[in-house]
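Just so you know, these numbers use all the heavy atoms, side chains as well, and skip hydrogens, waters and symmetry mates. Reminder, nothing fancy here: chain letters follow the sequence lines and each chain counts from 1. All values derive from a computational prediction rather than experimental measurement.
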Amino acid sequence: MTGQDYVEVQGLTVDFDGFKANEEVDVTFLQGRIHFLIGPNGAGKTTLVDALTGLVKGTGRARYGNLDLLSLKSHQISRAGVGRTFQTATVFEELSVLQNLDIAGGVHRKAWGMLRARKGIPDYVQEAMETVGLADLRDRPAGVLAHGQKQWLEIGMLLVQDAKVMFLDETVAGMSHEERDETGELLRRIAPSRTIVVIEHDMDFVRNHADFVTVLHAGKVLAEGSVADIQGNPRVQEVYLGRNIEEVSHE
Amino acid sequence: MSTPTDVESPFLPVAATPTDRRRLPRSSPRLSRDTVSLIGIGVFAVLMLLVAPAVLSDFRLNNLGKYACWAMVAVGIGLAWGRGGMLVLGQGVYFALGAYAMAMHLTLETAGPDAIPVFMILYDPLAPLPGFWEPFRSGAFTLLAVVGAPVLLAGTLGYAIFKRRVKGAYFAILSQALAVALAYLIGGTIKLTGGDTGLSDFKYFFGYDLSDPINKRMIYSITAGLLVLCLLVVWQLYRSRFGELLVATRDAEERVRFLGHDPANIKLVAYVTAAVMASIGGALFVPIAGIISPKEIGAAASIFLIAGAAFGGRATLFGPVLGALLLGYGRSSLSEQWENGWIYVLALMFILVTLLAPEGVASIPRRAAGLLGSLRRPTESRPPRNTAAKETKS
């Protein structure tokens, strides 16, 4: 069941009063493939995701199924099954892990049902909670979770939403090695039925978990291919000023 | 795009999930907190409806009824501001809707059928009754207006404001400005509304003689009962999924949007509910206080209304109601001896609460417990704590 679903971006341009944060970007994200977006700061990685999730206005085309993501509003994009996380984990700090996940599943509930208290735990919430490994912390307020756990909780919320396309913005930034490995395994587990796009600076993480890499530079696609292709690409090395990718990409 | 199996189980078979573990009983702290709150409402109801009428004089009970009207507004403010994050600085507007609807009805009832109110006769004995007064001859219409008018106004205003994503200080200023504007409007239309003098000298309340203490006690009971009802409404809202979503919207509106919700609709429900509570409080304030004037609805009055909620603890269930009752009591008992002195005491209490317990008086026990247990949340531990992470994967 891999490979039927995809997001196809063609000629995406994001223009901030003359400054082109993205210019004529062509890229295709395929289901079942963990796709990394890398590039120096200011390369337009987050802007690209912002444009595809309705946060900033972009021109061009971004086809997902029979929808054009660029013409939809944020909540419509979310309802169409395209979810995202943010650089700073934004979980609802005062609500418990369970409440956070439950809210993510609330879109299709009837209005009247919203006025009742939750009874038991919906199956899909329980599954998501176990998938991201937070079942034991169910009643903990999200605000007290460790940084990595908050990121997992966000991914869990995307699972509850049943997001078929997930944009993850610097998910492993600030995580320990163990947490990074666990995050990688988590992505591997959920990837086959989803289209996963990760913005990342950490080259070890990219090397270990990327199926496909797109390098952005100055708002444009500089190169794309496997990790080995990218590392051997002279243009990529040139952009990184001949230095090691690791050095430059650290913030 | 999605296969039929996706609908039933959106997840890959990650790990065998034992089905019997799904229906876990709700965690004990949450369950008990709801129940404890419900018991608390029960105790409050007994105090207000049985104990207070038994021990208080007619005069004191009537005063308590007045505070209960303010408390009703405060309960709504707790919902809109405490849980919803909307700084409703102008609830006097909705208080006024209910109060003036009721006052117009009582004025007409006092004047008698086909007669016009006394204050209008003073200006022009031959003037006809203004058109917008006419429907308020009907008690049923009045009651409908007490609920319907705030729904219409708050619904329209709220829709326009929240869809445009006006929030924070802009929202607060806007709501306050509305209260000021309405107070000026009423103050400036003395021939139509009684102006700054207000409406007063009501003799009857839906056929009941207001000079009879028994009838005043009945009105108190209605007020106290409705206050308890308001508490029950927010109790249910707070424990519902809507209540969780409202808190989520307060804390991270954009995130809620990315979960596919429209935060405007969520806020609108809370805002309209708060407006209705304020209006009902205003409607009952009129027969209890015996007067309504722009002084009770303008900027200062609106701030007084929100002060109770802030003082008691805006995000808690009981904070707003207890805070409002306390401030109401302080206001009338202090001003009995020391005219306008209460405002200084109020200001002082406010400074103390803001400094010592910014989440309100109701949060003091929890804060104390938190300090004792030194289990305050380990704030912003930016580097991840490995121990916690491992604990996860046990």
Exercise for review: Rounded to the nearest 0.5 Å, what's the gap from CZ on B:Arg241 to NZ on A:Lys119? Could you check?
Suggested key: 9.5 Å
Revision key, fill the gap. All heavy atoms of A:Thr53 vs all of B:Phe258, minimum pair found to be O-CE2, 3.3 Å
Point to revise | Nearest-0.5 Å distance that lies between atom NZ in A:Lys73 and atom CZ in B:Arg257 | key: 10.5 Å
Study note, to complete from the structure: For B:Gly260 and A:Ser78 the tightest heavy-atom approach is N-OG, 3.1 Å
Practice item. Check whether B:Val269 gets within reach of chain A through its side chain, its backbone, both or neither, counting any heavy atom under 4.5 Å. Key: neither
Practice item. Rounded to the nearest 0.5 Å, what's the gap from CD on B:Glu254 to OG1 on A:Thr90? Could you check? Key: 9.5 Å
Exercise for review: Report yes if some heavy atom in the side chain of A:Met114 is under 4.5 Å from a heavy atom in the side chain of B:Leu245; otherwise report no.
Suggested key: yes
Practice item. With a 4.5 angstrom heavy-atom cut-off, could you sort out which part of A:Leu95 is near chain B: side chain, backbone, both or neither? Key: side chain
Exercise for review: Quick one: pull up CZ in A:Arg116 and CD in B:Gln236 and give me the separation to the nearest 0.5 Å.
Suggested key: 9.0 Å
Practice item. Would you indicate whether the side-chain heavy atoms of A:Gln161 and B:Leu259 approach each other to under 4.5 Å? Key: yes
Exercise for review: State, yes or no, whether a side-chain contact exists between B:Arg255 and A:Phe86 at a heavy-atom distance under 4.5 Å.
Suggested key: yes
Exercise for review: Evaluate whether atom OH of B:Tyr159 has more than 12 neighbouring non-hydrogen atoms of other residues, nucleotides or ligands under 6.0 angstrom away.
Suggested key: no
Point to revise | Heavy-atom neighbours of A:Phe16 CZ exceed 12 at 6.0 Å | key: yes
Exercise for review: Measure A:Gln76 against the heavy atoms of chain B and call it side chain, backbone, both or neither at under 4.5 Å.
Suggested key: neither
**Study point:** Side-chain touch A:Glu93/B:Asp251, heavy atoms, less than 4.5 angstrom
**Key:** no
